[in-house]
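Written out below as structure tokens is the structure these notes cover.
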Amino acid sequence: MQIYKVGGAVRDRLLGRPVSDIDWLVVGATVEQMQAQGFRPVGADFPVFIHPKTGEEYALARTERKSGRGYGGFTFHASPEVTLEEDLIRRDLTINAMAEDEQGTLYDPYHGKQDLDARILRHVSPAFAEDPLRVLRVARFAARYAPLGFRVADDTLKLMRQIAESGELQALTAERSWKEIERALLESEPQVFIQVLHSCGALQELMPELMHNSDSLITLHQAAQHQQSLAVRWACLLRGLASAAIKAINQRFKAPRECQELAVLIGEWADRADQALELAPAELLEMLQKFDVYRRPQRFEEFIETCRMGALPEDQGYPQAEYLRGAATTARAVDVKPLMDSGLSGQALGEALKAERLKALMAYRNR
Ligand code: ATP
Ligand code: MG
């Protein structure tokens, strides 16, 4: 049997980027041989194994054929006869279809090195169109490697457009799509992900609500530059949309709870945060209560950061941020104990506490 390093590990080493996880490919082996060597199978009907010591993934060489709509609609054929070239041709991009043997010799039947040097993201074969997820993957790689000057090949973009127009993107599960979206948002140029999706017609299919929301791309870029969290980036992307649209996108991709929550809060409150310096103390208090800054200070902080990312031009700063932080600190500092000691409880206590907080915010405003 022959063992090769494949995919991202080969690509990123050639790019001089850190390699996070290594994918291995095994050619000329049977399932029985792998198990005899102590490899543990990952799943019952998938020819992938875990190395007993390193825990890294070893996949048997395989060919794939499309047998239905969407994912799941794939049949695999793994056998010792499948060659290296046959395995590599089913991969998405030429830069992802290179292999390296144990001596460090590069195997590159689809000219990935050439495309790597020319900074081009190019599909390996027409079979690219068989998995619509590849449209999102290409957009994600475009976002990741934008700082290196990569662009999508014209023919690949054309193919991506065909996939978008075929309606096949609708067959992707929320989970698979979100995984790509999440990884793309966390890249250094996440707005490129959206731009590439837009340029091939996939944005219209996946997130039509964002078609005319180009300001949010600037905001998203700011968020990446400031190393903001996933939730902040997601909320930046959806900022400016109507509440119903935000909820629809959240649900379409089953975004994690903290992402959903922050995006909805941005939709409802961002404008008032921008007006924070002019808000009456009662309005300020209403906001703090709604955010439950007493028990969820971190969420309010992410909200403020999202609003700050939207403030342009940046060199004018965003004094609202400090003002809102100060207001939250002021409201939180109101002590409930004296009120309880005076015999209040239940609803009356709640009302009194609110009144004290309002008084504190008035003083804060006039300080
Ligand atoms: P990353 O650095 O993001 O992990 P990667 O290239 O290693 O990048 P993986 O998702 O780990 O990406 O996949 C490993 C390899 O498997 C890819 O390089 C590619 O060759 C192939 N691959 C993964 N998913 C697909 C897909 N949907 N279609 C075609 N090939 C794929
Ligand atoms: Mg990988």
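Along the sequence shown, residues are numbered consecutively beginning with 1. We count ligands from 1, going down the list as the structure has it; atoms in each ligand are counted the same way.
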Exercise for the section: Just let me know how Asp23 lines up against ligand 1, side chain, backbone, both or neither, with a heavy-atom cut-off below 4.0 Å. Expected result: side chain
Exercise for the section: Please lay out, stage by stage, how Phe300 and Phe291 fare under the test ring pair (Phe, Tyr, Trp, His ring centres under 6.0 Å). Expected result: CA-CA 6 Å; Phe300 191 56; Phe291 274 87; 5.1 Å; yes
Exercise for the section: Before accepting this row, confirm whether a basic side-chain N of the pair Arg122/Asp154 lies closer than 4.0 Å to the acidic partner's carboxylate O. Expected result: no
Problem - Donor-acceptor contact below 3.5 Å, side chain Asn213 vs main chain Arg239 - result: yes
Problem - Heteroatom proximity flag, Arg91 to ligand 1, N/O under 3.5 Å - result: yes
Handout entry: Subset of ligand 1 atoms that lie under 4.0 Å from at least one heavy atom of Arg11
Key = 1 (P), 2 (O), 5 (P), 6 (O), 8 (O)
Handout entry: Aromatic ring pairing Tyr145/Phe150, orientation class (parallel under 30°, perpendicular over 60°, tilted between)
Key = tilted
Fill in the blank from the handout: A student comparing Arg176, Glu180, Arg134 should find that the heavy atom closest to atom 26 (C) of ligand 1 comes from Arg134
Problem - His221 and Gln191: side chain donor to acceptor below 3.5 Å - result: yes
Practice task
Heavy-atom contacts with Phe141 under 4.0 Å: which atoms of ligand 1 show up? List them by number with element.
Solution key: 6 (O), 8 (O)
Exercise for the section: Classify the ring geometry between Phe46 and Phe76 as parallel (under 30°), tilted (30 to 60°) or perpendicular (over 60°). Expected result: perpendicular
Problem - Contacting atoms of ligand 1, where contact means under 4.0 angstrom from a heavy atom of Gly7 - result: 18 (O)
Exercise for the section: Report the part of Asp92 in contact with ligand 1, treating N, CA, C, O as backbone and CB onward as side chain, heavy atoms under 4.0 Å; options are side chain, backbone, both, neither. Expected result: both
Exercise for the section: Mark up the atoms of ligand 1 that fall under 4.0 Å of a heavy atom belonging to Arg183, in ascending order. Expected result: 1 (P), 3 (O), 4 (O)
Practice task
Please work out whether any backbone atom (N, CA, C, O) or any side-chain heavy atom from C-beta onward of Phe128 is under 4.0 Å from ligand 1, and answer side chain, backbone, both or neither.
Solution key: neither
Completion exercise
Within 4.0 Å of some non-hydrogen atom of Arg90, the atoms of ligand 1 are 29 (C)
Completion exercise
In terms of its nearest heavy atom to atom 17 (C) of ligand 1, the top option of Arg137, Met98, Glu64, Glu57 is Arg137
Exercise for the section: Using only heavy-atom distances, determine whether the side chains of Trp24 and Glu57 contain a donor-acceptor pair under 3.5 Å. Expected result: no
Problem - Glu189 and Arg144 ion-paired at < 4.0 Å - result: no
Handout entry: Proximity to ligand 1 by part of Arg144, non-hydrogen separation under 4.0 Å
Key = side chain
